[in-house]
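Provided herewith is a single structure, encoded as structure tokens, for subsequent inquiry.
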Number of protein chains: 2
Amino acid sequence: MNATTLRPPAIDLAVSTVIFALRRHPESGLPTVWLPLVRRVSDPFDGRWALPGGWADPAETLDDTAARKLRETTRLEPSYLEQLYCFGEVDRSPSGRVVSVVYWALVRADEAARALEGENVRWFAADELPDLAFDHNAIVDYALWRLRTKVEYARIAHAFLGETFTLAQLREVYEAVLQRPLDPANFRRQAEATRGIVRTDEVVTGGRHRPPRLYRYDPDLADPGASPLATTA
Amino acid sequence: MNATTLRPPAIDLAVSTVIFALRRHPESGLPTVWLPLVRRVSDPFDGRWALPGGWADPAETLDDTAARKLRETTRLEPSYLEQLYCFGEVDRSPSGRVVSVVYWALVRADEAARALEGENVRWFAADELPDLAFDHNAIVDYALWRLRTKVEYARIAHAFLGETFTLAQLREVYEAVLQRPLDPANFRRQAEATRGIVRTDEVVTGGRHRPPRLYRYDPDLADPGASPLATTA
DNA sequence: CCAAAAGTGTTCGTACTACACCCATGC
DNA sequence: GCATGGGTGTAGTACGAACACTTTTGG
């Protein structure tokens with residue numbers, strides 16, 4: 001954006017996304033953070049797992065490119081999408097200079113189940129990843145850090161759940177992300193006071209215990225953790 | 001970073017920086033947030049004020065480009081430098097598709113005084129800016145929001161000050177950034193407990209009151225607000 | 001002594017924690 | 001009834017806000 005150099009040099013601009021969803025861990029049975037990866041089918045890093053993404057499109061906003069690529073490679077519709085960071089080390093890619101604008105997304109459990117899984121798309125537990133292509137391991141680690149810090153002060157947990165949810169479900173989200181148990185009684189009060197949710201008149205019957213009330217996220221309540229650039233997706 | 005498209009399309013990648021320093025406001029006399037802008041000398045937006053920056057260099061890390069451009073245009077050496085956001089709207093620049101990786105920096109008051117100021121570089125009070133080139137007004141607003149939110153939980157305020165400082169000086173930084181007065185007594189306790197500073201044995205004499213003790217920032221103390229990607233500059 | 005800012009003590013209210021206890025359902 | 005989780009009450013603790021008060025300098 002300086003005028004002295006009239007033409008900028010060639011740097012390839014990529015857009016990738018770290019997609020998070022919750023799944024029960026096959027061993028522990030507890031809900032944990034999972035993410036889908038795609039297998040690379042050409043060099044560099046042919047055959048290695050990598051974050052879904054692609055080249056930036058001159059006709060599209062970076063946000064739109066992230067959302068589109070996410071749809072195209074995994075068929076997922078994210079309930080939350082936010083820019084994470086722009087990675088610009090010189091030696092990130094052996095094929096040349098690539099700068100990656102990375103996004104992170106949250107999808108609901110039911111939505112995540114719909115994701116096409118196959119030879120070249122597979123879900124992994126976020127803390128049991130293989131060696132990924134490029135610097136993608138470090139990127140996922142950073143995205144996990146952002147998820148874990150942001151869930152404590154911003155209203156994003158509901159993005160893992162459906163339209164309505166019980167407080168136990170919401171608490172499970174926090175427990176999965178923060179990796180520690182939370183007191184149900186205290187969580188209830190805190191959630192009702194500051195998590196931007198409202199009670200509905202419905203309850204869930206069928207469990208062999210008192211039927212829990214359903215809650216709904218209220219987007220009108222001010223979010224103390226919302227940034228001025230929030231996409232409100 | 002997808003392999004289906006072999007060659008990415010041409011998008012110009014720029015790097016700009018929002019530089020913050022504290023100066024006394026000429027009217028109120030209170031310390032306030034200021035930033036240097038550079039006047040554009042060619043189209044688009046010829047003659048308008050803009051953030052210092054330039055095109056990304058294929059041989060340099062984005063961080064390095066930000067630091068170098070900052071030095072070249074203002075002669076300033078930042079005591080804090082962090083990536084802010086990557087702006088990628090399609091119509092940001094009338095000259096074509098430009099994606100800007102924007103950084104924000106803090107410089108010390110003595111350092112800021114050294115900055116070359118002239119026909120094409122001038123300092124402005126952060127909340128009294130003229131109409132800037134491109135979307136730079138919105139970018140500065142976002143950077144200000146980040147500064148104001150981050151100063152509350154991370155240890156960055158000392159980056160506005162010299163090697164040693166009194167608690168009154170540190171408090172002035174917080175008051176300037178947060179735009180509200182703070183209780184000196186409570187600030188002292190909070191600062192000594194959680195702001196990562198240590199007492200020195202020196203005091204400042206010369207004022208017509210009790211000589212205040214000097215403190216020093218201690219980088220070894222864990223910063224609760226530090227990100228895993230922190231540049232520790 | 002006085003003014004001014006440094007620095008200490010104390011009270012109050014709020015908010016989080018731990019945990020006891022009651023409620024409503026399926027079996 | 002009994003097991004199970006939903007939901008309420010409450011005491012203990014930590015921390016920030018407000019503000020009175022003491023200390024140490026220059027004039």
Side-chain angles (χ1 to χ4, degrees), chain A residues 24 29-31 148-149 151-155 157 161 164-216 221-222 224-225, chain B residues 24 29-31 148-149 151-155 157 161 164-216 221-222 224-225:
Chain A
R24 300 208 170 266
L30 297 169
R148 290 185 169 134
T149 52
V151 80
E152 298 207 81
Y153 66 87
R155 289 169 189 159
L161 301 171
T164 58
F165 44 84
T166 67
L167 287 184
Q169 290 174 319
L170 188 63
R171 181 165 48 82
E172 271 195 325
V173 172
Y174 280 86
E175 290 179 336
V177 171
L178 300 177
Q179 298 180 296
R180 64 185 155 91
L182 299 175
D183 184 306
N186 296 330
F187 180 83
R188 156 179 307 280
R189 273 180 293 249
Q190 212 175 321
E192 288 193 308
T194 58
R195 305 279 193 210
I197 54 175
V198 288
R199 298 161 57 135
T200 70
D201 293 330
E202 300 156 88
V203 292
V204 180
T205 53
R208 39 192 225 201
H209 51 77
R210 177 169 170 175
R213 183 180 294 275
L214 282 170
Y215 287 75
R216 182 191 312 278
L221 292 168
Chain B
R24 300 209 169 266
L30 297 170
R148 289 183 170 136
T149 53
V151 80
E152 296 207 83
Y153 65 86
R155 290 169 188 159
L161 300 171
T164 57
F165 45 84
T166 68
L167 287 184
Q169 290 175 319
L170 188 62
R171 180 165 49 82
E172 271 195 325
V173 173
Y174 280 86
E175 290 179 336
V177 171
L178 299 177
Q179 297 180 296
R180 63 186 154 91
L182 298 175
D183 183 304
N186 295 330
F187 180 83
R188 156 179 308 279
R189 273 180 294 249
Q190 213 175 321
E192 289 194 308
T194 58
R195 304 280 191 208
I197 55 175
V198 288
R199 298 161 58 137
T200 71
D201 293 331
E202 301 155 88
V203 291
V204 181
T205 53
R208 40 191 226 202
H209 53 77
R210 177 167 170 177
R213 182 180 294 274
L214 282 170
Y215 287 75
R216 181 191 311 279
L221 292 168

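So that the names make sense, note that chain A is the first sequence line, chain B the second, and so on, each numbered from 1.
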Under 4.0 Å between any heavy atoms, over every strand shown, what does A/Ala168 touch: base, sugar-phosphate, or nothing? Just pick one.
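Since only primed, P, OP1 and OP2 atoms lie under 4.0 Å of A/Ala168, the category is sugar-phosphate.
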
CZ of B/Arg24 to CD of B/Glu172: how many Å apart, nearest 0.5 Å?
5.0 Å

Side chain of B/Asp183: nearest nucleotide among D/dA18, D/dT24, C/dG7?
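For the B/Asp183 side chain, the nearest candidate turns out to be D/dA18.
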
Just the rounded figure in Å: distance from C1' of D/dC15 to OH of B/Tyr153.
21 Å

Distance from A/Phe187 atom CZ to A/Leu167 atom CG, nearest 0.5 Å?
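Interatomic distance, A/Phe187 CZ to A/Leu167 CG, rounded to 0.5 Å: 6.5 Å.
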
For atom CZ of A/Arg188 and atom P of C/dC23, their distance in whole Å:
15 Å

Out of curiosity, B/Arg210 CZ to B/Thr205 OG1, how far, rounded to the nearest 0.5 Å?
14.5 Å

Nearest 0.5 Å please: distance from the CD1 atom of B/Ile197 over to the CZ atom of B/Arg155.
9.5 Å

Spacing between A/Leu170 atom CG and D/dG5 atom P, to the nearest angstrom
18 Å

Can you find a side chain N or O atom of B/Arg208 that sits less than 4.0 Å from OP1 or OP2 on D/dT25?
no

Rounded to whole Å, CD of B/Glu192 lies from P of D/dG16 at a distance of 14 Å

What pair of heavy atoms forms the shortest contact from B/Val203 to B/Arg213, and how long is it?
CG1-CA, 3.8 Å

What is the distance from CG of A/Leu167 to P of D/dT8, rounded to the nearest Å?
10 Å

Report yes if a side-chain nitrogen or oxygen of B/Arg210 is closer than 4.0 Å to either non-bridging phosphate oxygen (OP1 or OP2) of D/dT23; otherwise report no.
no

Write down the distance between CD (B/Gln169) and P (C/dA5), rounded to a whole number of angstrom.
14 Å

Tell me which of B/Tyr215 and B/His209 sits closer to the 5' end of DNA chain C, going by the nucleotide each one is nearest to.
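With B/Tyr215 and B/His209 compared, the 5'-side residue is B/His209.
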
Could you state the atom-to-atom distance from CZ of A/Arg171 to P of D/dG7 in whole Å?
11 Å

Nearest 0.5 Å, please: how far is OH in A/Tyr215 from OG1 in A/Thr164?
12.5 Å

Closest to the B/Arg213 side chain: C/dG9, D/dG7, C/dG7?
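Of all the options, the side chain of B/Arg213 is nearest to C/dG7.
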
Interatomic distance, B/Arg199 atom CZ to B/Glu192 atom CD [nearest 0.5 angstrom]
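Here the rounded value is 6.0 Å.
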
Using a cutoff of under 3.5 Å, can you pull out all pairs of nitrogen or oxygen atoms linking the protein to nucleotides 14-17 of chain C, with atom names and distances?
none

